[in-house]
Enquirer: 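Could you have a look at this structure, given as structure tokens, before my questions?
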Amino acid sequence: MFTVTAARIDADDPLAGLEAGERPDPKAPDGWVTVTVKAASLNHHDVWTLRGVGIPADRLPIILGCDAAGLDPDGNEVIVHSVIGDPDAGGGDETLDPRRSLLSERYDGTFAQKVAVPRRNLVPKPAALSFEEAACLPTAYLTAYRMLFEKSGAEPGTTILVQGASGGVATALIVLGHAAGYRVWATSRGQAKRERAVELGADQAFEAGARLPERVDVVMETVGQATWAHSVRSLKPGGRIVICGATSGDAPPAELTRIFFTQLSVVGSTMGTRDQLGRLARFCEQAAVRPVIDRVLPLNQARDGFAAMIAGDLFGKIVFAVLARGATPRNPPVRFAPRCGAVLARGGDPPEPPGALRAPLRCPP
Ligand SMILES: NC(=O)c1ccc[n+]([C@@H]2O[C@H](COP(=O)([O-])OP(=O)(O)OC[C@H]3O[C@@H](n4cnc5c(N)ncnc54)[C@H](OP(=O)(O)O)[C@@H]3O)[C@@H](O)[C@H]2O)c1
């Protein structure tokens, strides 16, 4: 089968270790099944793997990719939960199993025509979501769901600040938070990205580091070092930072004095459970939320997607369409128009602007 793998680690030039080529089909052990992958989405996790963060070199080569949507052996449309862990070993939460891993860390990942996963890791794909949309849910959207609805402690109507608006997790926080009734503020380094954030449902968007009109209840952090001081300064007394990532570095000054003096909480968050993924899928269906897709590329053009993510040239998720052997792509690479990720009216199929889907459009700059 055709696959995209991490063949070598290179901390400075992650693309140097990225390889595409044929690998043997996976063998599913007892209790596991083989899923035929239709679409898989790219996460910063895949870039970290190529840089050697979170994986020892002796696990390579390994097929990259945490997220997939596809068909189970009976032909059912499914979403793959990426966390390979035992809920019993984690007090009912597989993400707390000390031995848990994500697909592509210990077991081969989803950038392939087939992936083997434990049967319990399959969640039904809602009919309303395309395979490309469903493939965005297991990492970025599940992480955002847990940050918002489990870890933030914030009720709808309160104000949340999303740092670094353009990323996969950040755009998920904006569309899910808006749909759930939070007042969503966002920061981004780019003017065009700030405008897109508002189109998606952010109430206001600010330059990175800007003084805000008032302090917020919760800050959602994925950026880390570059935004940490601003996050701490932007909170009301008693407020909370929920952090799931540190793309720009993980050792900023801790701002300890301000944290204790204003009685802030810092809460870590990682992925979510299989059951939460099922609820997230239903939430997307019920609230007519669609994941924000920057572009869809055929899997054999994965390198272009990785390069865009490394350069920060994206808004939302990069998705790889996975074709069966011998199939020809319907279209060349697609860059999505604003409809993708729009929070749409409740009920029915979303209206599509003429030619917006599966036509080779470019996003506004
Ligand atoms: N704990 C978990 O379970 C979990 C799950 C998913 C992701 N993560 C982590 O969360 C982070 C984001 O993941 P992702 O997949 O959403 O990544 P992504 O799509 O590549 O997004 C990158 C984001 O980083 C911001 N950024 C990068 N460098 C920056 C800098 N120097 N200054 C300011 N902003 C910067 C960008 O904001 P702009 O809008 O300003 O360009 C953008 O929002 C990664 O570190 C990832 O490993 C963790």
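Each residue takes its place number in the sequence, starting with 1. Each ligand, and each atom within it, is numbered from 1 in the order the structure gives.
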Enquirer: Polar contacts were defined as any N/O atom of the residue lying under 3.5 Å from an N/O atom of the ligand; does this apply to K193 and ligand 1?
Expert: yes
Enquirer: When you check the gap from the basic side-chain N to the acidic O, do K193 and D313 get nearer than 4.0 Å?
Expert: no
Enquirer: Can you tell me if N76 and K125 form a side-chain donor-acceptor pair at under 3.5 Å?
Expert: no
Enquirer: Which protein non-hydrogen atom lies closest to atom 19 (O) of ligand 1, naming both residue and atom, and how far is it?
Expert: G168 N, 2.9 Å
Enquirer: Could you list which atoms of ligand 1 come closer than 4.0 Å to a heavy atom of W48?
Expert: 44 (C), 45 (O), 46 (C), 47 (O)
Enquirer: Check for me whether T227 has a heavy atom closer than 4.0 Å to any atom of ligand 1.
Expert: no
Enquirer: Among side-chain atoms of Q163 and T187, is any donor-acceptor pair under 3.5 angstrom?
Expert: yes
Enquirer: Do you know which of V223, D250, I243 makes side-chain contact (heavy atoms from CB on, under 4.5 Å) with W228?
Expert: I243
Enquirer: For residues T95 and R146, is any side-chain donor paired with an opposing acceptor at under 3.5 Å?
Expert: yes
Enquirer: Nearest protein heavy-atom contact for atom 41 (O) of ligand 1: which residue, which atom, what distance?
Expert: R189 NH2, 2.8 Å
Enquirer: Identify the protein heavy atom lying closest to atom 10 (O) of ligand 1, giving its residue, its atom name and the separation to 0.1 Å.
Expert: G245 CA, 3.6 Å
Enquirer: Which atoms of ligand 1 sit under 4.0 Å from any heavy atom of V223?
Expert: 25 (C), 32 (N), 33 (C), 34 (N), 35 (C)
Enquirer: Please identify which atoms of ligand 1 are closer than 4.0 Å to at least one heavy atom of M309.
Expert: 19 (O), 20 (O)
Enquirer: Does this structure show an ion pair linking E207 with R189, if we count only N-O contacts that are shorter than 4.0 Å?
Expert: no
Enquirer: Return the residue, atom name and 0.1 Å-rounded distance of the protein heavy atom closest to atom 32 (N) of ligand 1.
Expert: A226 CB, 3.4 Å
Enquirer: For ligand 1, which is the ligand I care about here, please tell me if T139 has any N or O atom under 3.5 Å from one of the ligand's N or O atoms.
Expert: no
Enquirer: At a 4.0 Å cut-off, with the gap strictly under it, does some heavy atom of A246 reach an atom of ligand 1?
Expert: yes
Enquirer: Say whether S269 and ligand 1 are in contact under the criterion: heavy-atom distance to a ligand atom below 4.0 Å.
Expert: yes
Enquirer: Considering only NZ, NE, NH1 and NH2 on the basic side and carboxylate oxygens on the acidic side, decide whether E199 and R196 come within less than 4.0 Å.
Expert: yes
Enquirer: Give the residue and atom name of whichever protein heavy atom lies nearest to atom 37 (O) of ligand 1, and the separation in Å to one decimal.
Expert: G164 CA, 3.3 Å
Enquirer: Tell me whether the rings of F306 and F111 are parallel (<30°), tilted (30 to 60°) or perpendicular (>60°).
Expert: perpendicular
Enquirer: Please confirm whether A165 comes under 4.0 Å of ligand 1, counting heavy atoms of the residue only.
Expert: yes
Enquirer: List the closest protein heavy-atom neighbour of atom 44 (C) of ligand 1: residue, atom name, distance to the nearest 0.1 Å.
Expert: T247 OG1, 3.2 Å
Enquirer: Taking side-chain contact (heavy atoms from CB on, under 4.5 Å) as the criterion, tell me which of V219, V218, L173, I241 meets it with S152.
Expert: V218
Enquirer: Please could you name the atoms of ligand 1 that M271 approaches to less than 4.0 Å, counting only its heavy atoms?
Expert: 2 (C), 3 (O)
Enquirer: Quick one: do R183 and E214 make a salt bridge, cutoff under 4.0 Å?
Expert: yes
Enquirer: Show which atoms of ligand 1 fall inside a sub-4.0 Å distance from at least one heavy-atom site of S248.
Expert: 30 (C), 31 (N)
Enquirer: Which one of S82, G190, G167 has a non-hydrogen atom at the shortest distance from atom 22 (C) of ligand 1?
Expert: G167
Enquirer: Is D217 salt-bridged to R240, cutoff N-O under 4.0 Å?
Expert: no
Enquirer: Among all protein heavy atoms, pick the one closest to atom 14 (P) of ligand 1 and tell me residue, atom and distance.
Expert: H44 CB, 3.9 Å
Enquirer: Can you sort out which atoms of ligand 1 are near V169, meaning under 4.0 Å from one of its heavy atoms?
Expert: 6 (C), 7 (C), 16 (O)
Enquirer: Side chains of T273 and D93 only: does a donor on one sit below 3.5 Å from an acceptor on the other?
Expert: no
Enquirer: Among all protein heavy atoms, pick out the one at the shortest distance from atom 38 (P) of ligand 1; state its residue, atom name and that distance to 0.1 Å.
Expert: S166 OG, 3.4 Å
Enquirer: Between S231 and E221, do the side chains contain a donor N or O and an acceptor N or O under 3.5 Å apart?
Expert: yes
Enquirer: At a non-hydrogen distance cut-off of under 4.0 Å, which region of T187 contacts ligand 1 (side chain, backbone, both, or neither)?
Expert: neither
